[in-house]
Asks: 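Following this message is one structure expressed as structure tokens.
No experiment lies behind these values; they were computed from the predicted model shown. Residue numbering restarts at 1 for every chain, and letters A, B, ... go by the order of the sequence lines.
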Amino acid sequence: MCGRYYRTFDKQKIAEALRATATGDPFLYAPAYNIAPTTQQPVLRLERETFQRELVPMRWGLVGFGTKGPDPKRSTFNARAEGLQQSSLWKRPLHRQRCIVPMDGYFEWRKSDKQAFRFTVGDEPMGIAGLWDAWKSPDGIWLQSFSVITTDPNTVAESVHNRMPAILHPQNYDEWLDREEIERPPIHL
DNA sequence: CCAGACGTTGTT
DNA sequence: GTCTGG
DNA sequence: CCAGACGTTGTT
DNA sequence: GTCTGG
């Protein structure tokens, strides 16, 4: 699982590091050390027509296109990699709306004693595989939102938890973001 | 066909 | 919107 | 994920 | 204990 993370890079640095155009309010890119679900956070995706990389602030906690809106009773800030194909909520996002969640690291709490652990990949920023969707509110305003994909833990993560976010290798970012591959999404990444 | 869901975690 | 269960 | 709340009435 | 809001 991944329910908290942190990011030290600001708008300009994220844009530079990811070679992307950063859109939206600079305030939403401010370094944050305890990021929680339902807050607006920048995610990386390809622009619909130009396929250029763009950073867009979205709500953490995916709100499906056809739902009635955000539902506090249902957690959608994580999406299990194993079940993405079997759910109407995740299926279209998996095929057409993949994104990457930039962060410096994430936190996990050990169940036994509630001890918090911080996970990073060295000193490098990391990109987590994510999905996004858009929902139109009754008053016509679009809400964009995203979810972090989780998978089985590696040997480091499993000492604390039985799930971990899907960390992408930088060389695979383009393949994950590809908006033209809608038949066979690169779930192997 | 319609109605209702559409999700995750851990159970130390 | 789309899928599953009844 | 954690922190904090956890209620009722009626209201054009 | 369970739900909501961030």
Asks: What nucleotide among B:dT9, C:dT2, D:dC1 has an atom nearest to a side-chain atom of A:His161?
Replies: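 Closest nucleotide among those given: B:dT9.
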Asks: To the nearest 0.5 Å, tell me how far A:Lys91 NZ sits from A:Gln86 CD.
Replies: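 The CD atom of A:Gln86 is 7.0 Å from NZ of A:Lys91, to the nearest 0.5 Å.
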Asks: Base, sugar-phosphate or nothing for A:Lys73? Non-hydrogen atoms, less than 4.0 Å.
Replies: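 Answer is base: heavy atoms of A:Lys73 come under 4.0 Å of a base.
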Asks: Rounded to whole angstroms, how far apart are NZ on A:Lys111 and P on B:dT9?
Replies: 13 Å
Asks: Is there a donor on the side chain of A:Thr38 or the base of E:dG5 sitting less than 3.5 Å from an acceptor on the other?
Replies: no
Asks: Could you give the CG-to-C1' distance, from A:Asp133 to B:dC6, as a whole number of Å?
Replies: 11 Å
Asks: By the 4.0 Å heavy-atom rule, please label A:Arg92 as base, sugar-phosphate, or nothing.
Replies: nothing
Asks: Name the nucleic acid region contacted by A:Thr150, choosing base, sugar-phosphate or nothing; use a 4.0 angstrom heavy-atom cut-off, strictly under.
Replies: sugar-phosphate
Asks: For DNA chain B, just give me the dot-bracket, please: Watson-Crick or G-U, both distances below 3.5 Å, ( ) intra-strand, [ ] crossing earlier pairs, | paired with another strand, . unpaired.
Replies: ||||||......
Asks: Using 0.5 Å steps for rounding, measure from the CG atom of A:Asp104 to the CE atom of A:Met126.
Replies: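 Here the interatomic distance stands at 8.0 Å.
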Asks: Could you check whether A:Arg110 gets within reach of a base, just the sugar-phosphate, or nothing at all, counting any heavy atom under 4.0 Å?
Replies: nothing
Asks: Please give the distance between the P atoms of E:dT4 and D:dT8 as a whole number of Å.
Replies: 14 Å
Asks: In whole angstroms, how far is the C1' atom of C:dG1 from the NZ atom of A:Lys136?
Replies: 14 Å
Asks: Using a heavy-atom cut-off of 4.0 Å across all strands, would you classify A:Tyr106 as base, sugar-phosphate, or nothing?
Replies: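 A:Tyr106: no heavy atom of the nucleic acid under 4.0 Å.
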Asks: Classify A:Ala79 by what it touches in the nucleic acid, base, sugar-phosphate, or nothing, heavy-atom distance under 4.0 Å.
Replies: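 It contacts sugar-phosphate atoms only.
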Asks: For the pair made of OH in A:Tyr5 and P in E:dG6, what is the distance, rounded to whole Å?
Replies: 17 Å
Asks: Expressed in whole Å, how much space separates the P atoms belonging to D:dT12 and B:dC1?
Replies: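 Straight-line distance between the two P atoms is 43 Å.
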Asks: If you measure from the P atom in B:dA5 to the same atom in D:dC6, how many Å do you get, rounded?
Replies: 26 Å
Asks: For A:Gln86 and B:dC6, what is the distance between atoms CD and P respectively, to the nearest whole Å?
Replies: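 Rounded to whole Å, this separation is 14 Å.
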Asks: Quick test of your reading of the model: are A:Glu54 and A:Arg179 salt-bridged, counting only N-O distances below 4.0 Å?
Replies: no
Asks: Could you give the NZ-to-C1' distance, from A:Lys68 to C:dT2, as a whole number of Å?
Replies: 15 Å
Asks: Side chains of A:Asn78 and A:Thr150: donor-acceptor distance under 3.5 Å anywhere?
Replies: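 Judged by distance alone, the side chains do not pair up.
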Asks: Do A:His188 and A:Glu175 have side-chain atoms, one donor and one acceptor, less than 3.5 Å apart?
Replies: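 Indeed, the side chains of A:His188 and A:Glu175 share at least one donor-acceptor pair under 3.5 Å.
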Asks: Rounded to whole angstrom units, what separation is found between the CZ atom of A:Phe117 and the P atom of D:dC2?
Replies: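 One finds 13 Å between P of D:dC2 and CZ of A:Phe117, rounded.
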Asks: With side-chain contact (heavy atoms from CB on, under 4.5 Å) as the criterion, how do A:Phe146 and A:Gln41 come out once you've worked through the C-alpha distance, each side chain's angles and the decisive distance to 0.1 Å?
Replies: CA-CA 9 Å; A:Phe146 72 96; A:Gln41 302 299 332; 4.0 Å; yes
Asks: Any luck finding a side-chain donor-acceptor pair between A:Tyr6 and A:Arg118 under 3.5 Å?
Replies: yes
Asks: Any carboxylate oxygen within less than 4.0 angstrom of a Lys/Arg side-chain nitrogen, looking at A:Asp178 and A:Arg98?
Replies: no
Asks: Can you measure A:Gln85 atom CD to C:dT4 atom P for me and round it to whole angstrom units?
Replies: 12 Å
Asks: Quick one: the side chain of A:Ser88 and the base of C:dC3, do they pair up donor-acceptor inside 3.5 Å?
Replies: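 No.
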Asks: For A:Phe65, which contact category applies under a 4.0 Å heavy-atom criterion: base, sugar-phosphate, or nothing?
Replies: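 If one applies the 4.0 Å heavy-atom cut-off, A:Phe65 turns out to touch the sugar-phosphate alone, with no base involved.
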